[in-house]
Novice: 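Dropping the structure in here first, questions after.
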Amino acid sequence: MTQYTDFFQKHRTEIDKRCTPLLNAYREKAYETLQQQGLPSFESENYRHTDIAQLLSPDFGFYLTDAIALQPRKVSPCFISNMSAYSFFTVNAWFYRENNAPELPKGVFVGSLNDFSKQYPEKFTQYYNRQAEEKGKGLAAFNTLFVQDGFVLYVPENVRLEKPVQLTQIGGGQINSLINRRLLVILEQNAQAQLLICDHTTDDSAVFAATQNAEIYVAENAVFDLYELEETSGKTIRLANCWVEQARSSQANIYNITLGNGQTRNNYQIDLKGEHAEAHLYGMAISDNRQKIDNFTKINHLVPNCRSNELFKYVLDDEATGIFSGSIVVSPDAQKTEAYQNNRNLLSGNDCRMYSKPQLEIYADDVKCSHGMTTGQLDETALFYMRSRGIPKNEAVLLLKYAFTADVLQGVRIESLRDRLKLLVEKRFRGELATCRNCI
């Protein structure tokens with residue numbers, strides 16, 4: 001870790017010079033936090049299977065400039081047929097400015113974190129880094145220390161976006177590199193929005209590492225859908241935090257789908273802070289070779305009459321490793337809570353490994369809560385039945401795997417995206433190279 005703290009001290013002027021004073025103002029506190037807590041390692045209770053300190057121990061280079069010769073719409077257009085969307089890009093964590101930017105409804109801001117801090121300084125100060133500082137630790141502070149730019153979606157009161165916002169996050173370059181992404185989503189009272197985030201890399205010859213802090217605020221009666229799709233290379237490291245705060249009668253639907261990666265750690269925390277708030281958290285991972293996917297989740301029921309539903313599914317093959325650690329905490333004041341958690345895993349090979357730890361902490365007595373976990377292989381009886389009806393083995397295996405994932409995909413509320421994801425999953429099970437940017 002000392003290589004990073006030393007780098008910060010030596011290059012502070014260069015780190016700050018392309019960022020606004022408001023963005024730079026949070027670095028000193030982040031430096032202190034990182035010095036005190038360090039990066040998580042195997043010794044940390046919640047990182048038993050993913051050693052962040054070891055993953056970030058190589059001498060990665062930083063992207064401290066947005067001057068990269070890359071045209072996103074040519075490299076990674078991420079086209080999804082029949083889906084009309086407001087389309088944006090970040091390149092190595094910098095917001096990519098285009099001359100023909102989409103025209104947005106009045107009052108809506110979609111764009112650069114630096115620009116947002118200049119145009120809406122009060123909103124920026126009110127929301128930026130609050131959850132990261134309160135709930136994050138060393139990894140979150142590391143991101144805050146080095147972040148250069150980011151992406152902001154701000155939807156003011158009573159505004160409903162009729163089209164989804166699509167953000168394609170591109171990691172480019174042919175040398176080992178480390179970038180620090182930042183996402184800030186603010187939905188004010190009665191607002192509605194859908195955000196699709198696609199992660200891609202342009203080159204698989206170098207190790208590409210990315211940390212990410214996402215802070216999401218869903219105000220009273222607001223509705224927000226987030227879809228995160230990772231399709232990167234086998235040398236990619238993704239270390240992502242996502243914090244969600246929900247007010248009264250709000251709804252948040254969060255999906256994370258991993259179809260291609262190297263090593264991934266996703267941390268999700270949802271705090272239900274207003275009565276009648278509702279949260280749905282879904283995840284799906286398809287991993288083979290030596291890929292590793294680690295999902296850690298925590299849903300806090302802090303007030304009465306809230307509901308949450310959580311479902312994560314893994315399909316593993318070869319020497320892939322899957323980890324799921326999920327916690328639902330019901331506070332003493334959170335009576336009339338309904339909370340459900342389920343983790344189901346399908347192991348297709350003898351050398352893949354799955355580690356699962358679903359948890360409930362209930363401190364209230366008038367609740368409906370349940371959690372469960374199953375891990376197994378394909379149903380041999382079903383496989384035999386399908387083969388006896390003339391279906392080839394490979395096709396039968398594909399159909400069973402596809403059926404296993406169907407209930408996660410079925411909840412996607414953008415029909416064109418749901419259809420595309422079904423096609424991508426089918427091609428992934430067939431072993432075909434297909435991504436949302438070329439699967440037309």
Side-chain angles (χ1 to χ4, degrees), residues 72-73 77-90 95-113 115-117 119-120 122-124 126-128 131 149-169 181-199 212 214-229 242-257 270 274 277-282 411-421 436:
R73 293 196 181 275
C78 231
F79 175 74
I80 297 178
S81 59
N82 300 321
M83 188 180 86
S84 177
Y86 302 108
S87 181
F88 300 90
F89 297 86
T90 60
F95 183 78
Y96 185 80
R97 292 173 173 81
E98 297 182 284
N99 294 327
N100 56 341
E103 185 175 348
L104 296 159
K106 184 179 180 180
V108 174
F109 179 95
V110 180
S112 160
L113 183 64
D115 291 348
F116 185 74
S117 71
Q119 296 180 33
Y120 297 87
E122 293 182 0
K123 296 289 183 185
F124 181 91
Q126 179 181 356
Y127 292 107
Y128 175 75
Q131 293 191 74
D149 197 12
F151 176 83
V152 178
L153 169 61
Y154 166 61
V155 185
E157 185 175 340
N158 297 321
V159 174
R160 175 178 178 177
L161 290 182
E162 299 295 337
K163 297 191 298 184
V165 175
Q166 183 178 8
L167 170 65
T168 304
Q169 299 189 137
R181 294 168 171 156
R182 202 71 185 220
L183 302 170
L184 179 60
V185 177
I186 306 165
L187 269 69
E188 294 187 336
Q189 187 172 342
N190 299 315
Q192 292 189 28
Q194 296 172 312
L195 174 61
L196 166 63
I197 301 176
C198 301
D199 276 9
Q212 178 173 298
E215 297 173 286
I216 299 171
Y217 300 88
V218 189
E220 184 174 346
N221 292 314
V223 179
F224 178 62
D225 291 1
L226 172 64
Y227 303 96
E228 289 192 277
L229 176 62
C242 180
W243 301 280
V244 183
E245 284 190 3
Q246 292 185 236
R248 182 181 181 87
S249 300
S250 64
Q251 183 180 128
N253 304 288
I254 313 294
Y255 287 78
N256 181 283
I257 297 174
I270 301 176
E278 185 172 328
H280 300 270
L281 178 58
Y282 298 96
V412 174
R413 303 203 295 184
I414 304 173
E415 183 178 359
S416 52
L417 176 60
R418 182 172 65 248
D419 292 341
R420 178 51 48 89
L421 289 173
C436 62

Novice: Run the salt-bridge test on Glu415 and Arg420 with the 4.0 Å N-O cut-off and return the result as yes or no.
Specialist: no
Novice: Checking Gln246 against Gln251 for the side chain to side chain donor-acceptor pair (under 3.5 Å) test, could you report, in this order, the C-alpha distance in whole Å, the side-chain angles of both residues, the deciding distance, and whether it holds?
Specialist: CA-CA 7 Å; Gln246 292 185 236; Gln251 183 180 128; over 6 Å; no
Novice: Which value, rounded to the nearest 0.5 Å, describes the distance between Leu226 atom CG and Asn253 atom CG?
Specialist: 10.0 Å
Novice: Can you sort out the partners of Glu220 under salt bridge (charged side-chain N to carboxylate O under 4.0 Å, His left out), two or more places apart, ordered by chain and number?
Specialist: none
Novice: If you take all heavy atoms of Ala191 and Pro156, which pair is closest and at what distance?
Specialist: CB-O, 3.7 Å
Novice: Glu215: what forms a salt bridge (charged side-chain N to carboxylate O under 4.0 Å, His left out) with it, not counting sequence neighbours?
Specialist: Arg182
Novice: So do Ile414 and Leu196 actually touch side chain to side chain, heavy atoms under 4.5 Å?
Specialist: no
Novice: Can you sort out the partners of Arg160 under side chain to side chain contact (heavy atoms under 4.5 Å, CB included), two or more places apart, ordered by chain and number?
Specialist: Glu162, Gln192
Novice: Would you sort out whether Phe124 and Tyr120 count as a ring-ring contact (aromatic ring centres under 6.0 Å, His included), showing the intermediate values?
Specialist: CA-CA 6 Å; Phe124 181 91; Tyr120 297 87; over 10 Å; no
Novice: Quick one: list whatever passes side chain to side chain contact (heavy atoms under 4.5 Å, CB included) with Asp115, sequence neighbours left out.
Specialist: Arg97, Phe109, Ser112, Lys118, Gln119
Novice: Atom CD of Gln166 and atom CG of Leu229: how far apart are they, to the nearest 0.5 Å?
Specialist: 9.5 Å
Novice: Taking C-beta and beyond as the side chain, do Tyr154 and Val185 meet within less than 4.5 Å on heavy atoms?
Specialist: no
Novice: Suppose we screen for side chain to side chain contact (heavy atoms under 4.5 Å, CB included). Which residues come up paired with Ala193, at least two apart in sequence or across chains?
Specialist: Leu153, Val155, Leu161, Leu187, Phe224
Novice: Taking distance alone, no hydrogens or angles, what donor-acceptor pairs closer than 3.5 Å link side-chain atoms of residues 98-105 to residues at least two apart or in another chain?
Specialist:
unit_1, atom_1, unit_2, atom_2, d
Glu98, OE1, Arg73, NH2, 3.1
Glu98, OE2, Arg73, NE, 2.7

Novice: Can Asp419 and Met83 be said to form a side chain to side chain contact (heavy atoms under 4.5 Å, CB included), step by step?
Specialist: CA-CA 10 Å; Asp419 292 341; Met83 188 180 86; over 6 Å; no
Novice: Parallel, tilted or perpendicular: which one describes the rings of Phe89 and Tyr96, with boundaries at 30° and 60°?
Specialist: perpendicular
